[in-house]
Amino acid sequence: MSNMFITSASGNIGTPLLPLLLASPSIKNIICPTTNAARLRAQIPTTDRITVLAGSIQHPVWLEQTLRDHDIAIVFLNLTGADELFTTCNFLSAVLRAPCVRHLVYLSACGDLMPRAVFQERLGGLVLPGHVLVKTAVEQMLRGCPVWNDEGRGGGGRTFTILGPTLFFGNDLRGKGGMMGPGGVYGEPVGTKGVSRVDVKDIALAVVKVAEEPERWSGRKIMIGSKQLYTVSSPGSRDGFGVTVD
Ligand SMILES: NC(=O)c1ccc[n+]([C@@H]2O[C@H](COP(=O)([O-])OP(=O)(O)OC[C@H]3O[C@@H](n4cnc5c(N)ncnc54)[C@H](OP(=O)(O)O)[C@@H]3O)[C@@H](O)[C@H]2O)c1
């Protein structure tokens, strides 16, 4: 059984993830750092297997000590926000100084986001938005650095798995106010060509599967999403609820 460290436990993925981890026979204790301990405690199951820790994951010294103190073997790294790259870099640095950590599960985004694909092949110079480009940098760090790969290259014995979800269904709920308000703006339109979408519970399930068998998923990127493509007028929209995008 392994102790696991979960970032963004209060968030979209963290919320369905915690009950799934509690039900897993492979996971012992779950450590959840947060900047808002009262809010997180109010929304999670009450059990002595979950520890809510008030502190900043942006503080690498605190982070390294916390990983060591709780003998963390597996980390689920899921970050967002304008400081995502800065925080992630410091986070990875702290993880590498904590020898107890054996496996990192990194939440990225769907598709080939490695620099060659992004800058040369797929997009031909079109610059990705910052919140996606940060994934390119981190995936390159993980895949390119020997310390994260112990497959005969004399690395540090750490392994990683990257999760690549497509667009969350829940994004529409976040934009509901704008859609239903006076302006009727569909702030994040999916367009007419069609996009894959994903339920955050399926991402949470993938995190658990990887945590249960890190060796099996080591060094891989797992894409998660529907095979069906959803458009602005997909089946499932209520009649009369469809939104037209010019
Ligand atoms: N939405 C999509 O369609 C989509 C698609 C593909 C990939 N993704 C990726 O999914 C991730 C978002 O997952 P999510 O929706 O589960 O997250 P979320 O719900 O937005 O997580 C929010 C919480 O995470 C913690 N947190 C996040 N970033 C932090 C930071 N830099 N420093 C400190 N705390 C931070 C905070 O917790 P506390 O307040 O408790 O401290 C915050 O309240 C992003 O990496 C995004 O790029 C999203």
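In each ligand, atom 1 is the first atom listed, and ligand 1 is the first ligand listed. Worth saying up front: this structure is predicted, and the values here are computed from it rather than measured.
- A donor-acceptor contact shorter than 3.5 Å is absent between the side chain of R102 and the backbone of I74.
- With salt bridges taken as basic N to acidic carboxylate O contacts below 4.0 Å, none links K209 and E213.
- For a threshold of 3.5 Å applied to N or O pairs, the pair formed by I13 and ligand 1 contains at least one separation below that value.
- Of the protein's non-hydrogen atoms, the one nearest atom 34 (N) of ligand 1 is I57 CD1, 4.1 Å.
- Atom numbering of ligand 1 starts at 1 in the shown order; those under 4.0 Å from a heavy atom of R39 are 38 (P), 39 (O), 40 (O), 43 (O).
- For ligand 1, the atoms closer than 4.0 angstrom to any heavy atom of S108 are 7 (C).
- Distance from atom 35 (C) of ligand 1 to its nearest protein heavy atom, with residue and atom name: L79 CD2, 4.3 Å.
- From the protein, the heavy atom lying nearest to atom 24 (O) of ligand 1 is S8 OG, 2.7 Å.
- Each of the atoms 38 (P), 39 (O), 40 (O), 41 (O) of ligand 1 lies under 4.0 Å from some heavy atom of T35.
- Of all the atoms in ligand 1, the ones that sit under 4.0 Å from a non-hydrogen atom of N171 are 1 (N), 2 (C), 3 (O).
- Within the 4.0 Å heavy-atom cutoff, T166 counts among the residues contacting ligand 1.
- When only interatomic distances are considered, the shortest N/O to N/O separation between A109 and ligand 1 does not fall below 3.5 Å.
- In this structure a side-chain-to-backbone donor-acceptor pair under 3.5 Å is present from T66 to W62.
- Shown in contact with D83 at under 4.0 Å from a heavy atom are these atoms of ligand 1, numbered in order with element: 31 (N).
- Checking side-chain atoms of R197 against main-chain N and O of T166 turns up no donor-acceptor pair under 3.5 Å.
- At a 3.5 angstrom cut-off on N or O pairs, T80 counts as close to ligand 1.
- Checked by atom type, the side-chain pair T161/H103 shows a donor-acceptor distance below 3.5 Å.
- Listed by atom number, the atoms of ligand 1 under 4.0 Å from L167 heavy atoms are 3 (O).
- Between the side chains of D83 and Q58, a donor-acceptor pair is found at a separation under 3.5 Å.
- Looking only at heavy atoms of the protein, atom 13 (O) of ligand 1 is closest to N78 OD1, 3.3 Å.
- Heavy-atom contacts of T34 reach the following atoms of ligand 1: 38 (P), 40 (O), 41 (O) (cutoff under 4.0 Å).
- Contacts classified as salt bridge (charged side-chain N to carboxylate O under 4.0 Å, His left out) and involving residues 11-38 (residues at least two apart or in different chains) are not found.
- Contact atoms of ligand 1 toward T87: 31 (N) (distance under 4.0 Å to a heavy atom of the residue).
- Atom 7 (C) of ligand 1 is flagged as protein-proximal [any protein heavy atom, distance under 4.0 Å].
- At distances below 3.5 Å, not a single donor-acceptor pair connects side-chain atoms of T51 with backbone N or O atoms of I31.
- Put simply, the side chain of N3 gets close to the backbone of H70: a donor and an acceptor are under 3.5 Å apart.
- For ligand 1, none of its N or O atoms has an N or O atom of H131 under 3.5 Å away.
- Residue contacts with ligand 1: L40 is excluded, as none of its non-hydrogen atoms falls under 4.0 Å.
- A204 approaches I13 most closely through the heavy-atom pair CB-O, 4.1 Å.
- Proximity of S10 to ligand 1, defined as any heavy-atom pair under 4.0 Å, is confined to the side chain (atoms from C-beta onward).
- Considering CG of D172 and OH of Y230, their distance stands at 11.0 Å, rounded to 0.5 Å.
- From the protein, the heavy atom lying nearest to atom 4 (C) of ligand 1 is F168 CE1, 3.4 Å.
- Ligand 1 is approached by P165 to a heavy-atom distance shorter than 4.0 Å.
- Using a 4.0 Å cut-off between charged side-chain N and carboxylate O, E139 and R143 make a salt bridge.
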